[in-house]
Every structure is written in C-alpha cells, then in structure tokens.
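Below, chain A is the first sequence line, B the second, and so on; all start at residue 1.
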Amino acid sequence: KAGVTQTPRYLIKTRGQQVTLSCSPISGHRSVSWYQQTPGQGLQFLFEYFSETQRNKGNFPGRFSGRQFSNSRSEMNVSTLELGDSALYLCASSLQGAAEAFFGQGTRLTVV
Amino acid sequence: QQQVKQSPQSLIVQKGGISIINCAYENTAFDYFPWYQQFPGKGPALLIAIRPDVSEKKEGRFTISFNKSAKQFSLHIMDSQPGDSATYFCAAPLFNDMRFGAGTRLTVKP
C-alpha cells in the first residue's frame, strides 16, 4: 500500500509569490490534514479536509488556503509569500480524521 | 486552542537505558493518544497509540502509559538504542485533527 505522497519535495520561492503544494493520501483515506513545521513553533495545524469539505482550520492568515478533490487528493496554496513562511509543510491522511493519521515526507519551502 | 505540553525538550540516555517522555493535555475530542517518531528530513511516523479502554499499551520496546484522571500520558522506551535517536511527538485529538506537543529530541549514546 503506497504511503502519503507530497510534491514537490523542495521548493524555493521569492517573497510575494504564491505556491501550491500537493498531497496524495493513502488509498481509501478521505481525511487530509495539513501542518506547518518550523524549529521555533513545532507542528502547527493548518486545516483538515474530509470529502472535499474543510472541517476545521487552524490559526493561520487567509493567505493559507486549501482544497480537496473528489479523489481525496489535496492541495494547499500560500499567496503573497513572506520570509516567515519558510517551513516544512506536512500533510497527513487518515480514514476519518485525527486517529491513525499517516504523514507524508513533507515539502520543504524556502522563501527568499 | 488546545495545549499539549510535552517534556523534556531534549533527552540524552545511554544505550540500554530507559527513555521517558511525558505529555499532558487539556481537552480531547475523544480518547486516542499517539506518539510519533521523526528522523531528520522525514515526516513524522506513527509509532504507537493508546485508546481509552486500557491504561497501558506495549509494543516491543515501546510502552505508553495513560492516566485519564490526570490527563497525562507518557512514552517509555526500554533498552534504548542509538537507532532510536530521533524527535518524538505526542499528540491529542481536537475535533478532526491532531494537536501536537513541542517534541522531544532523544539522543541515545552508544
């Protein structure tokens, strides 16, 4: 069974640009959550999608958005990038949410 | 927003020793408490988890102890090995997502 796949693995963007990250969950998993990981703030919850609906959202500005497609694949978008957005972005998938969530390898975003 | 407090921040143990990491939570959507292990450059990997019907769960050298009344749970790594050197995160569910502790960097010295 394939794991959670995130693309791309690495990304370098310039301040002010926007970026889209992709996550393919484990087959059969309908819940996808996104997290931002930084050395100073740890793992912070961004949002969670289930069956194409956002069920919960963390305390991030509106520049951070996401969506989920009918095949459960998810994307997150960050607009007007700031230096502080440099982080490892992780997605996790599970059957229904929260319990038994499996993470992808993450996308390392560097904003210069 | 729920707080999950994890301690210690870092831990150094000798090979063969016992590593103990603690977590305390405020509230949960339901009783399910996992521990994740993360190596540099990798995403967190689900290591072991406990549900409310038991106060302790053991898988190999890894044991979770759970104290519902105190809202605390801990990870014990018996016979710690250098390959266990990683960052460990506890988590607790809030709504439909997990909230994580700050992490513990474990170093096992040979």
Side-chain angles (χ1 to χ4, degrees), chain A residues 1 3-7 9-10 21 23-26 29-51 53-60 66 68 74 76 87-108, chain B residues 1-10 21-54 57 59 64 66 73 86-106:
Chain A
K1 201 174 190 181
V4 179
T5 303
Q6 290 188 246
T7 57
R9 289 292 313 278
Y10 303 93
L21 312 181
C23 174
S24 293
I26 292 171
H29 285 190
R30 296 167 65 188
S31 170
V32 174
S33 297
W34 287 89
Y35 293 84
Q36 181 195 66
Q37 186 176 32
T38 59
Q41 298 297 318
L43 276 159
Q44 291 195 291
F45 170 72
L46 281 156
F47 28 66
E48 188 257 357
Y49 287 88
F50 182 84
S51 293
T53 300
Q54 186 183 90
R55 295 197 295 189
N56 197 18
K57 190 177 191 301
N59 296 326
F60 277 81
Q68 187 180 33
S74 179
M76 69 162 282
L88 180 66
Y89 290 89
L90 293 157
C91 84
S93 79
S94 64
L95 283 170
Q96 294 185 329
E100 307 217 359
F102 296 88
F103 281 86
Q105 299 256 50
T107 294
R108 172 74 63 185
Chain B
Q1 189 165 350
Q2 173 181 256
Q3 296 285 330
V4 179
K5 296 182 180 179
Q6 182 174 345
S7 62
Q9 190 174 6
S10 63
I21 306 171
N22 301 297
C23 267
Y25 61 94
E26 294 181 352
N27 296 293
T28 58
F30 54 92
D31 289 340
Y32 169 83
F33 302 97
W35 285 90
Y36 284 82
Q37 178 189 56
Q38 186 177 28
F39 293 103
K42 304 288 187 181
L46 181 60
L47 183 65
I48 186 173
I50 193 168
R51 292 186 182 273
D53 51 335
V54 294
K57 181 175 181 180
E59 287 185 0
I64 298 179
F66 174 59
F73 58 108
T87 301
Y88 293 80
F89 295 93
C90 62
L94 181 67
F95 302 117
N96 300 302
D97 59 271
M98 303 301 298
R99 300 302 165 103
F100 288 83
T104 296
R105 181 170 291 184
L106 171 65

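Nearest heavy atoms, B/R99 versus A/N56: NH2-ND2, 3.5 Å. Residues B/L46 and A/E100 approach most closely at CD2-CA, 4.1 Å, considering heavy atoms. For B/P44 against A/L90, the heavy-atom pair with the smallest separation is CD-CD1, 3.7 Å.
Qualifying side-chain contact (heavy atoms from CB on, under 4.5 Å) partners for A/F60, counting only residues two or more places apart in sequence or in other chains: A/Q36, A/Q44, A/L46, A/F64. Among residues two or more places apart in sequence or in another chain, the side-chain contact (heavy atoms from CB on, under 4.5 Å) test is passed with B/A102 by none.
B/F100 CZ to A/Y35 OH: the interatomic distance, rounded to the nearest 0.5 Å, is 4.5 Å.
Remark: B/E59 CD is packed, more than 12 non-hydrogen atoms of other residues, nucleotides or ligands lying under 6.0 Å away. More than 12 heavy atoms of other residues, nucleotides or ligands sit less than 6.0 Å from atom CZ of B/R51.
If you measure heavy-atom distances from B/F89 to chain A, the contacts under 4.5 Å come from the side chain alone. When heavy atoms are compared at a cutoff of 4.5 Å, A/Q41 does not approach chain B at all. With a 4.5 Å cut-off on non-hydrogen atoms, A/R9 touches chain B through its side chain but not through its backbone.
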